[in-house]
Amino acid sequence: MKLFHQIACIALGMLFPALSQAQSYTLWYTKPAEKWTDALPVGNGRIGGMVFGGVTLDRIQFNEETLWTGEPRDPNHKGAAEYLPQIRQLLAEGKQKQADALAEAHFMGLKSNEGRREQWTADMLAGKGIAGNPASPEYDDSRWKTMPVPTYDGWESVGLEGLDGAVWLRTTVTIPADWQNKPVVLDLNRIRDYDRTFVNGKLVGTSETQEPRKYVIPAGVLVAGKNVLAIQVLNYFDKGGVAGYKDTSRHIALYPEGKTAADGVPLNGNWRYFIQNDEPPAVGKYQADYQPFGDLYLRFPDLTNATDYRRELLLGEAVSQTRLTANGVRYTREYFVSQPDQVLVVRLTADKPGSLRFSATLGSPHKKSSVRRIDDRTLALAVQVRNGALRGESFLRVETQRGTATVSGDSLAVNGADAVTLYLSAATNYVSYNDVSGNPVALCQQTMAGLSGKTFAQIRQRHVQEYQPYYKTFSVQLGSPSAQADRLPTNERLARFGTTNDPSFMALYMQYGRYLLISSSRPGTRPANLQGIWNDLLTPPWGSKYTTNINVEMNYWPAEVLNLSAMHDPLFGMIKELSVAGRETAQTHYRARGWVLHHNTDLWRGTVPINAANHGIWVTGAGWLSTHLWEHYRFTQDKTFLQQTAYPIMKEASRFFVDFLVKDPKTGWLISTPSNSPENGGLVAGPTMDHQIIRTLFRYTMAAGETLNTDAAFCDTLRTKITQLAPNQIGRFGQLQEWLEDKDDTTNKHRHVSHLWGVHPGNDITWETTPDVMKAARQSLIYRGDEGTGWSLAWKINFWARFRDGEHAQKMVRMLLRPVSGAGGSYLNLFDAHPPFQIDGNFGGAAGMAEMLIQSQNKTIDLLPALPSALSEGSVNGIRARGGFELDYAWKNGQVTRLTVKSLAGQSCTLKVNGKEIKLTTQPGKTYRVL
Ligand code: FUC
């Protein structure tokens, strides 16, 4: 073994002073945010803010991570296990449809309680809550408000956020005289959810389906001149109203039967509306939705004609800034969310004394919300979610330097101040997934009391001092340090990334991913959900919850390798709770020991199958999540964690599969049934992904048992089961089979590529150990194609990196870092676009870039395993490898030019550098100069 010059306790900065400051890790723009996805995210893991940076009206939309709909409840379906043998039997007989129907009827988890919809609907149809007959052409609607119709994204998208209920819509239309005596089509396409549609007082159609509304108005109903159209819409939950067409160039219209909308009279426009009732009965839901909390609005009446505008997000300090000049004064606003002080802070300054004049108000999309005065410096916002047990409280306190601040009614006004600080707290009554007895008012009071005696400068310093130790553990420089690409605003770099060579934009994206993880997943908080902690919608896409068949795991892919191990902690907290909740589900649905988790969970730690049997009965959520525990151990070598937290949970996850796996009558292998290859192909017996996950879980559990020198007999059971498990199979098209049978469709472009799990994030398919399977996996990915949703693109970066094809990985990077259009990409604030916004792609993308620079999933630590020509030069400090190693290295022309390795735990390792293998034996805490 070669001897290395050992450098103990070297300050990294002294070793590599060369990391230039040329790349500033800042997102910046020359215009305020127009849309939510233009705004810049700040957060402390618990409170999140989206900063718009408006000139005369600034908005900071904010969240608190525990404000969700729903309440503690038991969703397990008693008696479900009775049906398990029959579902399995049907699948074994190839009767998928019957198996699905049986599972749908008896095996899904329970929804929350339904309200009394029939009664409410009858009341609405009978006219309760509205005077007279609004269907009648003579009805006086002159005092009704107006809204644009149609709205494909619901009336929520035109200012009626949160509106569900019964709404009347009316408009008038003039038709050509010769249509009077013909049947005429009224083409409204989609309406959510139920409509009764009247023309001149006559009912022409009604429907409660998702089918297009194309009603035929009989001859003689329409009149020459003005006709009145009236629609009563009943919307039970989520998006509401006349949706029209997704392709907004297609109009809703009237046209004679036999013709098309192009020959007709368009009906798009402002219609009058009246809300008959906005309290529809509760709709049964499988799981809960993450909720927005409120908005802080700042109004600056004097700041018209602003110049020299710039807003930015400084990743190095976790501070956002807005700067502008107006009336000869330079104004600066700073925004951050402090972890030590648990407040969102807005600091306003000006370069001329006494120039600050503005008002601040609080708002919220929740119907049940109110603002009140607490004292002469403090406002409070109270919110209560609909159909749920949670309520929230937020205090807004002002501190001014000179000038005056007054609180009156629901607004706070500042006049003639030199500098102002606003502190916003937020809390809910959530204590844990089975306890909602918290007191949010008391929590806000405590938070505010905790600020007393601290100056703004101290609070800012405490924030930065808490944040930077996380952020600074890793740095990256890609491309030439002199490239100066960041002289362009971030939106322009995004627009150009696909066609120019801007490697430092990738470095920015990696650091942004780390910033987002620190900001949404600090130790002691809940894990990052589908949107991290940032959400402005009452009915966000997929509930903004935790999808476990790819998304929540992807959120944590960068945690270890990019040296944010501590940020993994919230996920482990959730896994621990799920391992308790999932025990009941294992019993009730499978009569199995251990714990199980299906494809989704939420704040209430739901573990049952949800939504539909064709994708909700997927049994390996607990298996996949448990691999994160072992990975954390591999990176940190933290044995206490392994013993106290990881192993007991891994063992119980394995135990479930010991009981659950059954022998396939055809092949004799042990298989997972019923299950699903995530969201592709329906309910099946034996999807490849499940077997990969179970095999890996068993291997990891055995390795953990051996490391802890415990449970030899149990580990022997796992060892035997592994040999009986269905293996990876290569199919007739040279593909890795997604299912037990060779039935893959090579034209299927599905976004999920689940059967490649063993390539990434798993590690049992490799070029070294299973080259044929590796080749088949690559062939499957080629068939699947490059396109996909944001997270799908991000996953493909990781796959191509594992295939060691740097150029293809880089191609996927370019696709992820493209401005969003129909497919996956990025928004202006570099949030990942599924679309819509979903944060997993940010994390999967950052992890994929790391995967191009280092891999340690198997026996060696490979440096630059998938380096594309675009990244021929660069350096990283603080990147992590399994075995407990932290590496600093630089490269030029694709060759590593210097390398030091810090050993955290004194393990040995083999490094693969520049085509050579280098063995290193180490002592804990020591740093070794290798090149
Ligand atoms: C999975 C994916 C969808 C989406 C959802 C949140 O179900 O198939 O694309 O990302 O999670």
Side-chain angles (χ1 to χ4, degrees), residues 76-77 79-104 106-108 549 582-583 585-599 607-609 613-624 626 651-678 681-699 701-702 714 716-729 737-743 754-755 757-758:
N76 293 291
H77 193 152
E82 305 289 324
Y83 295 88
L84 182 62
Q86 216 181 324
I87 296 167
R88 282 180 166 158
Q89 180 65 29
L90 288 166
L91 287 173
E93 290 166 10
K95 296 177 180 159
Q96 187 190 48
K97 237 178 155 177
Q98 291 92 321
D100 183 280
L102 190 68
E104 197 69 50
H106 301 289
F107 203 75
M108 307 307 291
N549 64 18
R583 216 184 287 155
T585 306
Q587 276 298 331
T588 312
H589 286 250
Y590 301 94
R591 284 206 193 104
R593 297 167 298 167
W595 68 285
V596 65
L597 168 67
H598 296 85
H599 94 296
T607 49
V608 295
N614 69 1
H615 67 277
I617 303 176
W618 172 77
V619 293
T620 33
W624 190 343
S626 294
K651 183 178 167 190
E652 290 306 303
S654 293
R655 202 194 288 284
F656 170 78
F657 292 110
V658 167
D659 288 358
F660 168 79
L661 290 169
V662 291
K663 198 167 171 177
D664 175 35
K666 283 199 200 91
T667 60
W669 290 324
L670 285 182
I671 58 162
S672 163
T673 176
S675 193
N676 171 257
S677 190
L683 192 66
V684 296
T688 299
M689 176 199 230
D690 279 13
H691 304 142
Q692 293 174 347
I693 291 177
I694 296 165
R695 193 166 27 246
T696 302
L697 171 71
F698 284 3
R699 275 178 34 222
T701 307
M702 280 157 46
F714 183 69
D716 280 345
T717 307
L718 300 184
R719 195 166 295 118
T720 310
K721 296 266 174 195
I722 287 179
T723 61
Q724 299 164 345
L725 253 184
N728 289 313
Q729 299 179 81
Q737 286 180 205
E738 184 162 358
W739 296 278
L740 210 51
E741 307 83 16
D742 189 0
K743 61 179 183 185
S754 307
H755 49 314
W757 192 94

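Just so you know, residue 1 is the first one in the sequence shown, and it goes up from there. Basis for what follows: all heavy atoms, side chains included, without hydrogens, waters or symmetry-related copies.
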Please check if atom NZ in Lys663 has more than 12 non-hydrogen atoms from other residues, nucleotides or ligands closer than 6.0 Å. no
Tyr590 six-ring face occupied by Arg655 cation (under 6.0 Å, within 45°):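 No - Arg655 does not lie over the ring of Tyr590 by the 6.0 Å and 45° rule.
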Charged tip of Lys651 within 45° of Phe714 ring normal and under 6.0 Å: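 Cation-pi check for Lys651 and Phe714: passes.
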Applying the side-chain hydrogen bond (donor to acceptor under 3.5 Å, both in side chains) test to Asp690, which of Ser754, Ser677, Ser675 qualifies?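 Among the candidates, only Ser675 passes.
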Considering all heavy atoms, the nearest [X]-[Y] contact:
X	Y	answer
Thr588	His77	CG2-O, 3.3 Å
Gly616	His598	O-CB, 3.6 Å
Asp664	Thr667	OD2-OG1, 2.6 Å
Ser626	Trp595	OG-CZ2, 3.7 Å
Ser672	Val619	OG-CG2, 3.5 Å
Phe107	Ile617	CD2-CD1, 3.7 Å

If you define the side chain from C-beta out and look only at heavy atoms, does anything of [X] sit under 4.5 Å from [Y]?
X	Y	value
Trp624	Thr696	no
Leu670	His691	no
His589	Asn76	yes
His106	Glu82	no
Pro674	Tyr83	no

So, the side chain of [X] versus the backbone of [Y]: is there a donor-acceptor pair under 3.5 Å, distance only?
X	Y	result
Gln96	Val684	no
Asn676	Trp618	no
Gln692	Gly758	yes
Glu104	Ala613	yes

Please round to the nearest 0.5 Å and tell me the distance separating atom [atom1] of [X] and atom [atom2] of [Y].
X	Y	atom1	atom2	answer
Thr720	Asp716	OG1	CG	6.5 Å
Arg583	Thr607	CZ	OG1	11.5 Å
Thr688	Trp757	OG1	CH2	13.0 Å
Leu91	Leu740	CG	CG	11.5 Å
Arg695	Lys721	CZ	NZ	14.5 Å

Among residues at least two apart in sequence or on other chains, which ones pass side chain to side chain contact (heavy atoms under 4.5 Å, CB included) with Asp659?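 Expected list: Ala592, Arg593.
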Are Met702 and Ile722 close enough, and set up right, to give a side-chain contact (heavy atoms from CB on, under 4.5 Å), and what steps lead you there? CA-CA 11 Å; Met702 280 157 46; Ile722 287 179; 3.9 Å; yes
Would you please test Lys97 and Asp100 for salt bridge (charged side-chain N to carboxylate O under 4.0 Å, His left out) and show each step? CA-CA 5 Å; Lys97 237 178 155 177; Asp100 183 280; over 6 Å; no
Could you walk me through whether Val596 and Phe660 pass the side-chain contact (heavy atoms from CB on, under 4.5 Å) check? CA-CA 10 Å; Val596 65; Phe660 168 79; over 6 Å; no
Glu741 and Gln729: CA distance, side-chain angles, deciding distance, side-chain contact (heavy atoms from CB on, under 4.5 Å) verdict: CA-CA 9 Å; Glu741 307 83 16; Gln729 299 179 81; over 6 Å; no
Pick one: which of Val658, Leu661, Leu718 meets side chain to side chain contact (heavy atoms under 4.5 Å, CB included) with Ile694?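 Exactly one candidate clears the test, Leu661.
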Verdict with reasoning, Glu93 to Gln89, per side chain to side chain donor-acceptor pair (under 3.5 Å): CA-CA 6 Å; Glu93 290 166 10; Gln89 180 65 29; 2.6 Å; yes
